[in-house]
Undergrad: 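Sharing a structure with you now.
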Amino acid sequence: MTDLNPQTNKPTRARFAPSPTGFVHIGSVRTALFNFLLARHSGGTSILRIEDTDQSRFVDGSVANLLSVMKTLGIEFDEGPSVDESGNLKELGDFGPYTQSARLDIYKKHIQTLLDSKNAYYCFCSSERLDELRKEQMALKQPAMYDRLCRNLSEEELAGKQEEFKVAGKNAVIRFAVPLEGETVVNDLVFGDMKYQNALLDDHVLIKSDGFPTYHFAVVVDDHLMQITHVVRGEEWIPSTPKHLLTYKAFGWEPTQFAHMPLILNPDKSKLSKRQGDVAAEDFLNKGYLPEALINFVALLGWNPKTEQEIFSMEELIAQFDLAKVNKSGAVLDTVKLDWMNAEYIRTQTNSDLVELAKPYWLEAGVDFNKYSNEYFEAIIALEKERLKKLSDLPDITKYFFEELPKIEAEKLVWKKSNPKDTKHNLVLLQDLFRISDDEVMLSSQKLEETVKAFIAEHELDNGSVLWPLRYGMTGEDKSPSPFEVTATIFLGLGRENVMSRLQQGIDLLA
């Protein structure tokens with residue numbers, strides 16, 4: 001059963017309304033997620049609306065990409081554009097069209113209502129005049145806003161201007177007539193009450209010269225007609241909210257509830273910018289962050305569950321989500337925290353599932369999956385799982401498992417308390433030991449450790465002078481899993497001869 005929202009006494013209808021301008025910004029993911037969680041928590045409706053009134057910024061394929069990213073992240077929409085089984089875009093719901101460019105007739109009808117009630121007016125000012133006006137105001141240190149020159153044109157002046165524009169093939173813009181007195185109060189569910197003096201608000205444009213509505217007009221009309229109960233969006237939209245409330249009032253409509261999310265910040269507390277790193281959801285997913293981890297991380301960017309819990313399933317987020325727990329202060333996008341969280345999720349995956357998730361990264365690095373057994377890949381994953389932060393790291397840290405011989409340096413083979421002669425001797429002894437050891441021993445890191453350590457004790461050798469050249473000779477890396485785990489895994493995938501060849505390479509280097 002659908003719960004009634006206590007603030008509106010209506011079933012919650014929350015919408016995510018992005019512009020199709022390219023990649024999906026991580027801030028957009030948070031907005032979509034919070035709207036989704038709000039709707040699901042109350043048994044309400046999650047709606048997707050595409051706001052494409054700025055045609056100059058439209059990027060072909062953005063909607064399909066958006067839907068793909070949202071599906072990957074587990075964010076679902078009950079209404080709005082979707083993709084059918086054939087990959088074609090379609091719409092779900094009874095309040096469409098859900099794409100603003102298909103709603104122009106609706107905006108034309110509603111703008112006429114505002115013109116008739118004198119809450120809107122035609123503006124014929126050129127861009128050159130507006131630029132000069134802005135420069136003058138800045139020079140005088142005045143707020144940059146329209147001076148309302150066209151607001152009080154007589155009927156005769158208005159008709160003359162319209163005829164002049166018609167002959168020139170131009171269209172006037174339509175502006176909102178902001179009340180010149182009084183104040184508008186924004187009752188925000190996160191930031192509380194904020195008061196704005198109407199006289200300081202600009203007569204903003206509602207309809208552009210190309211006939212398309214601005215965001216400020218279309219968003220109000222659409223939210224009202226789609227019966228949206230809550231608008232959850234970024235803090236940067238707070239200054240626009242009094243304009244929207246005045247538009248609701250001009251129509252005589254009940255406004256939605258507003259909840260503005262705090263800014264997402266870089267670690268240096270500056271506003272999140274692509275110049276300082278990845279900002280698109282695709283960037284993070286392509287690097288091998290699991291969707292579940294990314295969602296968990298994004299959910300905590302500004303939302304505080306007020307508990308010690310940090311790892312949440314989507315079901316747990318839905319159950320606990322509450323706008324009252326959203327912070328006002330900016331949320332820092334801390335990739336160190338994201339790495340930790342992703343590692344936690346990676347460790348919950350089965351080895352076989354991780355192999356499938358990692359496969360694209362290995363393939364891109366040139367690993368031939370037909371050359372090795374699935375058991376070998378799972379064994380490699382088992383070794384790296386505990387120290388893996390993201391899947392894109394795998395090709396680099398596991399490359400020695402797919403090389404005939406790793407690249408090694410003679411001086412690095414020698415343990416700090418040993419010398420080249422003893423190191424070479426120890427590698428020869430290891431070759432002799434591995435040559436006669438049963439497959440059962442070579443395939444078990446535990447039995448291999450017992451065998452090698454017994455061998456070290458028997459020959460009264462130093463652990464480091466034997467185990468370091470074994471580890472480095474097998475991997476060519478300064479850091480790796482234990483030499484017993486590495487050797488057993490290489491034996492499993494590449495066989496005894498490859499193990500012997502890796503030791504021989506070290507012997508030859510020290511000749």
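Position 1 is the first residue of the sequence, and the numbers go up from there. Here the structure is a predicted model, which means the values were calculated and not measured. Because only heavy atoms are used, hydrogens play no part in the values below, and waters and symmetry mates are left out as well, while side chains stay in.
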Undergrad: With a 3.5 Å cut-off and no angle check, do the side chains of H260 and T241 form a donor-acceptor pair?
TA: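 There is such a pair (donor and acceptor under 3.5 Å, judged by atom type) between the side chains of H260 and T241.
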
Undergrad: Between N286 (side chain) and E282 (backbone), is there a donor-acceptor pair under 3.5 Å?
TA: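 Yes; at least one donor-acceptor contact below 3.5 Å.
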
Undergrad: With distance as the sole criterion, is a donor-acceptor pair present between the side chains of E477 and S480 under 3.5 Å?
TA: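 Result is no, nothing qualifies.
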
Undergrad: Are a donor atom and an acceptor atom from the side chains of D203 and Y121 found within less than 3.5 Å of each other?
TA: yes

Undergrad: Within the distance-only criterion (no hydrogens, no angle test), does the side chain of S392 pair as donor or acceptor with the backbone N or O of K287 below 3.5 angstrom?
TA: yes

Undergrad: With respect to F34, which candidate in L323, V232, V29 satisfies the side-chain contact (heavy atoms from CB on, under 4.5 Å) definition?
TA: V232

Undergrad: May I ask you to decide if S154's main-chain N or O and E157's side chain share a donor-acceptor pair within less than 3.5 Å?
TA: yes

Undergrad: Looking at side-chain heavy atoms only, is the closest gap between I207 and T214 below 4.5 Å?
TA: no

Undergrad: Check whether any side-chain heavy atom of F312 lies under 4.5 Å from a side-chain heavy atom of L300, and answer yes or no.
TA: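 They are in side-chain contact.
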
Undergrad: Heavy-atom count check: over 12 atoms from other residues, nucleotides or ligands less than 6.0 Å from D60 CG?
TA: no

Undergrad: Would you check if T99 and R103 make a side-chain contact, meaning some heavy-atom pair closer than 4.5 Å?
TA: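 Not touching, per the 4.5 Å side-chain cut-off.
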
Undergrad: Write down the atom of S209, the atom of V173, and the distance for their closest heavy-atom approach.
TA: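 What the structure gives for the nearest pair is N-CG1, 3.7 Å.
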
Undergrad: Give the C-alpha distance, both sets of side-chain angles, the deciding distance and a yes or no for side-chain contact (heavy atoms from CB on, under 4.5 Å) between T113 and F251.
TA: CA-CA 8 Å; T113 299; F251 278 117; 4.1 Å; yes

Undergrad: Run the side-chain contact (heavy atoms from CB on, under 4.5 Å) test on T12 and L38 for me, step by step, so that the C-alpha distance in whole Å, both residues' side-chain angles and the decisive distance to 0.1 Å come before the verdict.
TA: CA-CA 8 Å; T12 297; L38 175 66; 4.1 Å; yes

Undergrad: What heavy-atom pair brings P242 and L201 nearest, and what distance separates the two atoms?
TA: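 Answer, listing the atom of P242 first, then L201: CB-CD1, 4.0 Å.
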
Undergrad: Is the shortest side-chain heavy-atom distance between L149 and L133 below 4.5 Å?
TA: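 No; the side chains remain at least 4.5 Å from each other.
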
Undergrad: Looking at every heavy atom in both T53 and P213, which two are closest together, and how far apart are they?
TA: CB-O, 3.2 Å

Undergrad: Are the side chain of D202 and the backbone of H204 linked by a donor-acceptor contact shorter than 3.5 Å?
TA: no

Undergrad: What's the verdict on side-chain contact (heavy atoms from CB on, under 4.5 Å) for L66 and I50, showing C-alpha distance, side-chain angles and the deciding distance?
TA: CA-CA 10 Å; L66 170 75; I50 303 301; 4.0 Å; yes

Undergrad: Would the distance check show the side chain of S28 and the main-chain N or O of V24 forming a donor-acceptor pair, the cut-off being under 3.5 Å?
TA: no

Undergrad: Return yes if a side-chain donor-acceptor contact under 3.5 Å exists between Y361 and D396, otherwise no.
TA: no

Undergrad: Show, in sequence, the C-alpha distance, side-chain angles and deciding distance for D393 and K390, and conclude whether the salt bridge (Lys or Arg N to Asp or Glu O under 4.0 Å) test is met.
TA: CA-CA 6 Å; D393 294 337; K390 54 185 181 293; 3.7 Å; yes

Undergrad: Check the surroundings of atom CD in E156: do more than 12 heavy atoms from other residues, nucleotides or ligands lie under 6.0 Å from it?
TA: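 Count not over threshold, so no.
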
Undergrad: For the residue pair N327 and S329, confirm or rule out a side-chain donor-acceptor distance under 3.5 Å.
TA: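 No.
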
Undergrad: Walk me through whether F217 and F176 qualify under ring-ring contact (aromatic ring centres under 6.0 Å, His included).
TA: CA-CA 9 Å; F217 182 58; F176 186 73; 9.0 Å; no

Undergrad: I'd like to know if the side chain of E236 reaches the main chain of L263, judged simply by a donor and an acceptor atom lying under 3.5 Å from each other, with no hydrogens or angles considered.
TA: no

Undergrad: Side chains of E310 and N296: donor-acceptor distance under 3.5 Å anywhere?
TA: no

Undergrad: Test side-chain contact (heavy atoms from CB on, under 4.5 Å) on V221 and I106 and set out the steps.
TA: CA-CA 8 Å; V221 173; I106 296 172; 4.0 Å; yes

Undergrad: Is there side-chain contact between S68 and K71, with at least one heavy-atom pair below 4.5 Å?
TA: no

Undergrad: For the CD1 atom of I311 and the CD atom of E292, what is their distance to the nearest 0.5 Å?
TA: 11.5 Å

Undergrad: Within the 3.5 Å criterion, strictly below it, is a donor on E51 or Y215 matched to an acceptor on the partner's side chain?
TA: no

Undergrad: Examine the side chains of R13 and H230 and answer whether a donor and an acceptor come within less than 3.5 Å of each other.
TA: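 No, because no side-chain N or O of R13 sits under 3.5 Å from a partner of the opposite role on H230.
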
Undergrad: Passes ring-ring contact (aromatic ring centres under 6.0 Å, His included), F36 versus F16? Steps please.
TA: CA-CA 8 Å; F36 171 73; F16 172 50; over 10 Å; no

Undergrad: Do D116 and Q112 have side-chain atoms, one donor and one acceptor, less than 3.5 Å apart?
TA: yes

Undergrad: If we ignore angles and hydrogens, is there a donor and acceptor under 3.5 Å between the side chains of E183 and N198?
TA: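 E183 vs N198: no donor-acceptor pair found between side chains.
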
Undergrad: With a 6.0 Å cut-off (strictly less than), is the heavy-atom count around NZ of K385, excluding the residue itself, greater than 12?
TA: yes

Undergrad: Without swapping roles, check the side chain of N351 against the backbone of I381 for a donor-acceptor pair under 3.5 Å.
TA: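 Side chain of N351 to backbone of I381, a donor-acceptor pair under 3.5 Å: no, none is there.
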
Undergrad: Should we count NZ of K208 as having more than 12 external heavy atoms under 6.0 Å?
TA: yes

Undergrad: So do the side chains of Y146 and R175 get within less than 4.5 Å of each other, counting heavy atoms only?
TA: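 Side chain of Y146 against side chain of R175, heavy atoms only: contact under 4.5 Å found.
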
Undergrad: Does a side chain donor of either S352 or T350 reach within less than 3.5 Å of an acceptor in the other side chain?
TA: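 A donor-acceptor contact under 3.5 Å links the two side chains.
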
Undergrad: Salt bridge between R49 and D223, side-chain N to carboxylate O under 4.0 Å?
TA: yes

Undergrad: Examine the side chains of T247 and W253 and answer whether a donor and an acceptor come within less than 3.5 Å of each other.
TA: no

Undergrad: Taking atom CG of D368 as the centre, report whether more than 12 heavy atoms of other residues, nucleotides or ligands fall under 6.0 Å from it.
TA: yes

Undergrad: Has N88 got a side-chain atom pairing as donor or acceptor with D84's backbone, closer than 3.5 angstrom?
TA: no

Undergrad: Would you say M261 and E235 make side-chain contact, with heavy atoms under 4.5 Å?
TA: no

Undergrad: Which heavy atom in L391 sits nearest to a heavy atom in P395, and how many Å separate them?
TA: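 For L391 and P395, the tightest heavy-atom pair comes out as O-CD, 3.8 Å.
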
Undergrad: Quick one, L317 and I295 - any side-chain contact, counting heavy atoms below 4.5 Å?
TA: yes

Undergrad: Using a strict 4.0 Å threshold on nitrogen-to-oxygen distance, state whether R129 and D147 make a salt bridge.
TA: yes

Undergrad: Can a donor-acceptor pair be found between the side chains of S46 and D78 at a distance below 3.5 Å?
TA: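 No pair is found: no donor N or O on one side chain lies under 3.5 Å from an acceptor on the other.
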
Undergrad: Could you check whether atom CD of Q309 has more than 12 heavy atoms from other residues, nucleotides or ligands sitting under 6.0 Å from it?
TA: yes

Undergrad: I'd like to know whether Y122 forms a side-chain hydrogen bond (donor to acceptor under 3.5 Å, both in side chains) with N171, so could you lay out the CA-CA distance, the side-chain angles of the two residues, the decisive distance to 0.1 Å, and finally the verdict.
TA: CA-CA 9 Å; Y122 288 101; N171 294 311; over 6 Å; no

Undergrad: Ignoring hydrogens, what is the shortest heavy-atom contact between Q320 and P305? Give both atom names and the distance.
TA: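 Closest pair (atom of Q320, atom of P305, distance): OE1-CB, 4.1 Å.
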
Undergrad: Using only atom types and a distance under 3.5 Å, with no angle test, would you say the side chain of Q137 pairs donor to acceptor with the backbone of M145?
TA: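 Yes, the answer is positive, given that a donor and an acceptor are paired below the 3.5 Å cut-off.
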
Undergrad: Report the C-alpha separation of W362 and F377 in whole Å, then their side-chain angles, then the decisive distance to 0.1 Å, and conclude whether the ring-ring contact (aromatic ring centres under 6.0 Å, His included) test is met.
TA: CA-CA 10 Å; W362 270 324; F377 285 105; 5.2 Å; yes

Undergrad: Check R134 with D131, please: is the shortest side-chain N to carboxylate O separation under 4.0 Å?
TA: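 Yes, D131 and R134 are salt-bridged.
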
Undergrad: Looking at every non-hydrogen atom in both residues, tell me the closest pair between K389 and N342 and how far apart they are.
TA: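 Residues K389 and N342, closest heavy atoms: O-ND2, 2.6 Å.
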
Undergrad: With distance as the sole test, does N266 use its side chain to make a donor-acceptor pair with the main-chain N or O of D268 at under 3.5 Å?
TA: no

Undergrad: Measure up the F402 and Y376 rings against each other and bin them: parallel (under 30°), tilted (30 to 60°), perpendicular (over 60°).
TA: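 Plane angle over 60°, so perpendicular.
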
